Amino acid sequence: MKILKSKGWTLAAIGVALVMLISGILAALRFYVPSKLYDTPVNLLEGKYSVDGGEWKEFTADQSITDRFHKIETRGKLTLDTRAYYDEINLSTKDVWFELKTAAGNKIAAYTFDEMKLSYEHLKVGRPLALELPDTPGYRITTLWPKLLTEQGITPDTELVLNVEYPYSTGWENLENSLHITYNFNSGLYLRFFFEALPVVLLFVLVCFFGIFFFPIAGRILGRMDYRYLTFGAVCFFWGTYMIVQSLSIYLNLWIMDPTLCMMLDHLTEFGFLSSLLFYFKTNLRRGSSQGIANLTGTIYLGVAITLLILHLTGTADLTSTEVLMNSITGTFILLMIVLLMTEVKGSRDTLYFLLSCIPLILTLGIDLMDRFISIPGAHFFWYGMAITMFVQIIALCYDLRQQYLERLRYEKMQKELYEANVAVMVSQIQPHFMYNALTSIAMMCKKDPDKAQEATVTFAKYLRGNMDSLKQKEPVPFKQELEHLKKYLYIEQLRFGKKLNVEYDIQATDFKLPQLSVQPLVENAVKHGVGMKRKGGTVTIATRETEEAYEVIITDDGVGFDVEAARDNKEKEKDGHVGMENTKRRIREMCGGEVVIESTIDVGTTARLILPKKNQDGCHPDQSEGSYQRRRS
């Protein structure tokens, strides 16, 4: 996993560095290349225009015509003397037919279905998809040559007529978006691409890199997959792809011959972006019913998008003609997602923060969607809202990663403390004097009873192995396993104390778990500081009980006892007098939410009760394992 993360970050860094390098080169070249080679007027003509047969309005070469139209006619003269400066004129059109002619009616150039059909027949390229959709202009680049215009008698003073038609009955178009003029000097169209479109393309390539690498990999840095950031990474990637295609839309016909395929590519990237946006909203829902509605919504949206694509590919209806339908569905579904999120705001602060961060995105998307139905001045700034939302999400991600990092530090600190506690418990059980006493007792038996000495040696070895294995054990263990290890310890102690140590068992419940080596320190205290301090010795009883809410392990001795209140007033004395007791209490509390209760009476004995709540048995060790750490985060 670490290797994959390292390679992912390295690849992302290389990609970002390349994008920045190319952008720097383009910025430097822009100062040395004359702007007239790629920066040309907005309009082909300069004069007056009429929308759908209405009144005539004046316009200049650099004036954007934003009026919505189905048919628009412009009359005037060429904006520049193309004979003196340029080799060719490129007209990049989107979803419109056009015809350029003189005022006398002589056709100069045209892009209609009949003209397109003739060009394909001349090229002999088979039957492209464009010929299956006779009412679909698509995205097309038409080239005019000034030399030919001169040969046709066209001068700077010749009045020309440019008719542009948007053939769809649904929606409108404006000349600013549908017709782009480029006066070319040598390779002027490519120069315009490099200096105007490529910097924007590189910017959104960087956004795609963020989507592919930054959000998913960052979400995995600490070993936790957060699907909110994964889906937001998908949103960034598809948004970047969509904006790249948007920036290249007037140039697509340079590389894709079929105009309808150029248009289809534009719509497909939009579908991809809006689909990822819907699924991103869905991942921020928490209720099962809301998620079910969101899943159904996303499935319907994808189903409709695939159906419309099939209709386009089969020549039944192109994607632009069904755009209004798709926009209506998109707006409805996004509104539905927002409503579902708002129903969860009351019970989730994270959902509220998410909705607040998405306000720029929602508002700008709503404005752009409405702009498809009614003309809204100043529309088409959706990507600003998306940029703000992405920036906010990056800040939120960095904050979340910081919180995860602090959580991980606390988790690792706790793991270290628990490990040290295990070591302390183990060491407390195999102190030199304990090993010396055990080995001495075994040595004394070697002559008197060799068989028993062999049995004692094997038991002592198993006991030591159990203590060593406890260092590797981080999970609670079944009580039966703990009991078997405890019996080995008591067997060895009985070798030492002989008849002075009597052990009794009253086991009524065994179906529960507890931290390893958590009972032994209690038993050790009963042996060493209870019956071991009594001249005649005594009895240590180990019992278990099951109550309605908990399991209990009860260690009782009839030894010398001690003053509990005095021990509480002197914690250092308590620690010295009861080996491993503090570690035991902490491990039981942190791993199983349990507690240790000690009662003692001088000259009567001591009772230590280990209480383990049943509610924590299934998810025991809530603060100890990595899996539980992740559950707590979620």
Side-chain angles (χ1 to χ4, degrees), residues 410-411 413-415 417-422 424-426 428-429 470 473-483 485-486 506-530 540-557 559 561-601 604-625 628-629 632:
R410 286 193 289 269
Y411 166 73
K413 180 180 179 181
M414 185 178 64
Q415 286 288 76
E417 290 177 353
L418 290 175
Y419 176 79
E420 292 173 350
N422 280 343
V425 171
M426 186 201 73
S428 73
Q429 311 309 322
S470 69
Q473 180 65 41
K474 298 180 180 179
E475 306 290 331
V477 298
F479 173 73
K480 290 182 180 180
Q481 179 179 329
E482 180 75 0
L483 182 62
H485 185 73
L486 189 61
D506 182 14
I507 308 300
Q508 298 184 19
T510 58
D511 190 19
F512 61 93
K513 293 182 179 182
L514 73 173
Q516 192 169 25
L517 299 183
S518 58
V519 179
Q520 186 172 324
L522 304 177
V523 176
E524 182 181 357
N525 282 341
V527 173
K528 295 177 62 177
H529 304 288
V540 175
T541 302
I542 301 169
T544 60
R545 299 285 187 273
E546 179 181 358
T547 67
E548 185 176 345
E549 297 181 351
Y551 293 99
E552 295 184 1
V553 181
I554 306 167
I555 313 300
T556 306
D557 70 79
F562 67 96
D563 189 341
V564 177
E565 294 298 329
R568 288 175 181 170
D569 295 336
N570 190 347
K571 293 184 178 180
E572 289 299 321
K573 181 179 178 181
E574 182 183 1
K575 186 180 293 185
D576 293 338
H578 299 271
V579 179
M581 185 59 65
E582 288 302 311
N583 285 334
T584 299
K585 289 181 178 179
R586 182 172 60 179
R587 293 168 66 226
I588 291 172
R589 181 177 63 253
E590 293 180 346
M591 296 178 69
C592 292
E595 61 176 331
V596 177
V597 179
I598 298 177
E599 300 174 350
S600 184
T601 303
V604 176
T606 302
T607 299
R609 181 177 288 103
L610 194 162
I611 304 173
L612 302 167
K614 287 184 177 180
K615 64 181 181 179
N616 293 331
Q617 281 295 302
D618 292 337
C620 212
H621 60 281
D623 295 324
Q624 194 256 1
S625 71
S628 298
Y629 162 80
R632 187 173 67 253

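Everything quoted here is computed from the prediction, not taken from an experiment. Count residues from 1 along the sequence.
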Next item on the list: Mind running side chain to side chain contact (heavy atoms under 4.5 Å, CB included) on Thr607 and Ile598 for me, showing each step along the way?
Entry: CA-CA 6 Å; Thr607 299; Ile598 298 177; over 6 Å; no
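Ile554 has its side chain within reach of Arg545: a pair of non-hydrogen atoms, C-beta onward, lies under 4.5 Å apart. Two residues are said to be in side-chain contact when any heavy atoms from C-beta on lie closer than 4.5 Å; Leu514 and Pro476 fail this criterion. Under the 4.5 Å side-chain criterion, counting only non-hydrogen atoms from C-beta, Val540 is in contact with Val527. Using a 4.5 Å cut-off on side-chain heavy atoms (C-beta onward), His485 and Leu483 make no contact. Residues Pro613 and Cys592 have side chains not in contact (no heavy-atom distance under 4.5 Å, counting atoms from C-beta outward). Contact annotation: the side chain of Thr547 approaches that of Glu552 to within less than 4.5 Å [non-hydrogen atoms, C-beta and beyond]. Within the 4.5 Å cutoff, no side-chain heavy atoms of Phe479 are placed close to those of Leu612.
For Asp511, the salt bridge (Lys or Arg N to Asp or Glu O under 4.0 Å) test picks out no residue, with sequence neighbours left out. For Glu546, the salt bridge (Lys or Arg N to Asp or Glu O under 4.0 Å) partners are Lys614, not counting sequence neighbours. Partners of Thr541 by side chain to side chain contact (heavy atoms under 4.5 Å, CB included), not counting sequence neighbours, listed by chain and number: Glu504, Thr539, Thr556.
In this structure a side-chain-to-backbone donor-acceptor pair under 3.5 Å is present from Ser600 to Gly605. No donor-acceptor distance shorter than 3.5 angstrom exists from the side chain of Thr544 to the backbone of Val553, with no hydrogens or angles considered. Side-chain atoms of Glu482 come within 3.5 Å of backbone N or O of Ser518 as a donor-acceptor pair.
With rounding to the nearest 0.5 angstrom, the CD1 atom of Ile542 is 10.0 Å from the CG atom of Leu522. The CD atom of Gln481 lies 13.0 Å from the OG1 atom of Thr510; values are rounded to the nearest 0.5 Å. Note that OH of Tyr551 is 13.0 Å distant from CD of Gln508, once rounded to the nearest 0.5 Å.
Scanning all heavy atoms of the two residues, the minimum distance from Ile588 to Glu595 falls at CG2-N, 3.7 Å. Looking at every heavy atom in both residues, Ala550 comes nearest to Ile611 through CB-CG2, 3.8 Å. Heavy atoms only, all atoms of each residue included: Thr606 and Gly561 are closest at OG1-CA, 3.7 Å.
In the displayed structure, Glu549 atom CD is contacted under 6.0 Å by at most 12 heavy atoms of other residues, nucleotides or ligands.
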